[in-house]
Amino acid sequence: MLLVAISVFSLFHPRALEVRVADVAVELHVGSAALPYSLADGADFTLAVPGKIERHFRGGLEIIEEHGELRAIVRMDLETAVASIVAAEIPASGAPIEALRAQAVAARSFLAAAHGRHRGFDFCDTTHCQFLRQPPEPNEKAFQAAESTRGLTLRFREQTIAALYSADCGGHTDASPPGADGYAYSRVACARKGVRRGHGMGLCQVGAAALAAKGKSYLEILTFYYPGATVK
Ligand SMILES: [Zn+2]
Ligand SMILES: [Zn+2]
């Protein structure tokens with residue numbers, strides 16, 4: 001099982017965190033004797049920045065002190081991370097399931113291929129890496145999108161590519177020279193015109209939703225936004 005280590009809540013620059021396992025709560029703060037704090041893989045816990053945000057996770061946990069704040073790193077299996085990202089990136093209200101499936105394959109490709117963005121963990125939970133929300137429940141579309149595409153990634157010359165995607169390309173996506181994975185993005189005229197939000201490379205979330213609404217499959221959506229790549 002492939003595990004990914006994601007730093008969470010760093011935008012809050014927490015000086016205190018609360019960890020709850022079953023009914024036992026542990027308060028940690030900068031300077032706590034209990035640091036570094038860890039939970040083994042497979043733990044079921046709630047992590048909170050008191051008064052600000054609280055999330056439930058299943059996985060391993062490590063909390064360290066760094067530069068006068070606390071850093072929480074959650075280790076979870078790749079498929080749980082994919083489902084969480086789909087839930088965060090595409091709100092459940094709107095997009096059809098085929099758009100969510102396309103997003104799941106793109107997010108999985110990115111997670112599998114783009115390691116080493118940080119020291120000590122793989123990814124953060126901001127736009128720098130990918131948004132991450134609480135893992136969805138099995139009855140949610142985001143969970144089903146990940147489950148029904150389990151293991152599939154975008155490939156170029158047999159290598160998984162660190163697939164980029166953005167909220168709205170604004171009318172066309174951008175080309176780029178080949179990255180470390182060897183894949184070069186091409187300019188694609190998008191199914192939707194709008195105001196650009198994000199970098200504009202690879203899958204466009206509003207465009208993917210529009211294509212799915214027209215009956216395109218997630219495979220058609222992916223080969224449209226990632227010309228020359230294949231899904232395996
Ligand atoms: Zn990052
Ligand atoms: Zn677009």
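Remember, it's 1-based here, ligands and their atoms both numbered in the order they're listed. Reckoned from all heavy atoms, side chains included, excluding hydrogens, waters and symmetry mates.
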**Q.** Centroid separation Y226 to F156 less than 6.0 Å
**A.** no
Q.
Only to 10 degrees, please: what angle do the SG atom of C129 and the NE2 atom of H118 make about the Zn ion (ligand 1)?
A. 100°
Q | Check: T153/S109 side-chain N/O donor and acceptor closer than 3.5 Å | A | no
(Q) To make sure I understand the geometry: which N, O or S atom in H128 is closest to the Zn ion (ligand 1)? (A) ND1
Q) Should R75 and D41 count as an ion pair when the cut-off is N to O under 4.0 Å? A) yes
Q: For R117, look at atom CZ and say whether over 12 heavy atoms of other residues, nucleotides or ligands are found less than 6.0 Å away.
A: yes
Q.
Below 2.8 Å, can you find an N, O or S atom of H172 next to the Zn ion (ligand 2)?
A. no
Q | SG (C190) - the Zn ion (ligand 2) - SG (C169) angle, nearest 10° | A | 110°
